[in-house]
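In what follows, a structure is listed as structure tokens, so that the remarks can point back to it.
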Amino acid sequence: MVQENYREVEARVKAACERCGRKREEVTLIAVSKTKPAEQIRELAAIGVRDFGENKAQELKEKTEQIPEALNWHFIGNLQTNKVKYVVGRACLIHSVSSLHLAEAIQKEAKKKNLFCPVLVEVNIADEETKSGIREEDAVALVRQVAEMPNLQVRGLMAIAPPVEDPEENRLYFREMRRLAAALDTMGIPGVRMEELSMGMTGDFEVAIEEGATMVRVGTAIFGERKKPS
Ligand SMILES: *Cc1c(COP(=O)(O)O)cnc(C)c1O
């Protein structure tokens with residue numbers, strides 16, 4: 001079932017790339033496996049899927065222990081500073097750096113483990129009170145601060161767009177993210193590379209690809225509905 005779903009999503013990603021004249025390799029499809037069992041992750045790994053997304057530090061730790069295979073684990077959730085130790089060294093990319101405080105905790109842990117940790121800065125693009133992410137007007141300052149941290153590298157930006165009925169409603173937010181990334185790029189902040197734009201989920205990933213997403217995070221369309229709200 002998950003294999004079939006994945007293939008369908010993959011076909012939609014490919015079609016979206018073709019529609020807007022992008023190469024399929026420009027977009028990483030991340031299978032968001034949060035709350036789902038290791039068995040389903042193994043099923044996908046068996047057909048060559050390598051990129052998975054998790055949003056809880058403890059769950060990431062458990063899954064990497066259950067599945068020793070070399071997979072690319074993306075950390076996409078709210079991260080508390082006391083849980084940073086579970087994520088640094090396990091995640092290939094932390095998508096959700098949204099405060100100086102958190103970045104400092106990641107820097108400290110990465111230094112302790114003598115690791116280099118690529119991160120994305122999460123932007124609260126729709127300025128929703130309930131959403132995580134730094135406000136757009138504060139994003140440049142945070143990128144500059146993280147750029148100073150020797151064990152961190154800013155690879156781009158991440159956003160969670162609002163839940164909408166019609167994905168077209170989020171097109172402007174995705175476009176704004178791309179504009180912000182381009183603006184940051186022209187600032188030429190040393191050590192900052194705006195290579196990745198992580199945006200688009202089950203409800204809107206095709207529009208996100210059309211607007212320049214390089215990573216889409218898809219859970220429900222691959223694994224089905226989640227029981228727990230998260
Ligand atoms: C759960 C989650 C997703 C996947 O959401 P779906 O709508 O199930 O595709 C993507 N990004 C983040 C940050 C998430 O927490």
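Since this is a predicted model, take the numbers as computed values, not measurements. As the structure lists them, so they are numbered: ligands from 1, and atoms in each ligand from 1.
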* Asked: V218 heavy atoms, cut-off 4.0 Å: which ligand 1 atoms fall inside?
  -> 9 (O)
* To do: Sequence neighbours left out, what passes side-chain hydrogen bond (donor to acceptor under 3.5 Å, both in side chains) with E210? Give chain and number order.
  => R19, R171
* To do: Measure the shortest side-chain to side-chain distance between S96 and I76 over non-hydrogen atoms and say whether it is less than 4.5 angstrom.
  => no
* Does the side chain of V121 reach to within under 4.5 Å of the side chain of L184, using non-hydrogen atoms? -> no
* **Pairs meeting criterion ring-ring contact (aromatic ring centres under 6.0 Å, His included) with involvement of residues 58-80, two or more places apart** => F52-W73, H74-H95
* Asked: Looking at K34, which atoms of ligand 1 are within less than 4.0 Å of one of its heavy atoms?
  -> 1 (C), 2 (C), 3 (C), 14 (C), 15 (O)
* **Pair E26-T214, side-chain donor/acceptor within less than 3.5 Å** => no
* To do: Would you please say whether a donor-acceptor pair under 3.5 Å links the side chains of T64 and R90?
  => yes
* **Heavy-atom gap R226 to ligand 1 smaller than 4.0 Å** => yes
* Structure fact -> Within 4.0 Å of some non-hydrogen atom of T202, the atoms of ligand 1 are 6 (P), 7 (O), 8 (O), 9 (O)
* To do: Go through ligand 1 atom by atom and flag the ones less than 4.0 Å from a non-hydrogen atom of R217.
  => 4 (C), 9 (O), 10 (C), 11 (N), 12 (C), 13 (C)
* Asked: Would you say G219 and ligand 1 have an N/O pair spaced under 3.5 Å apart?
  -> yes
* To do: Closest by any non-hydrogen atom to atom 8 (O) of ligand 1: pick that one out of V32, I30, T220, I222.
  => T220
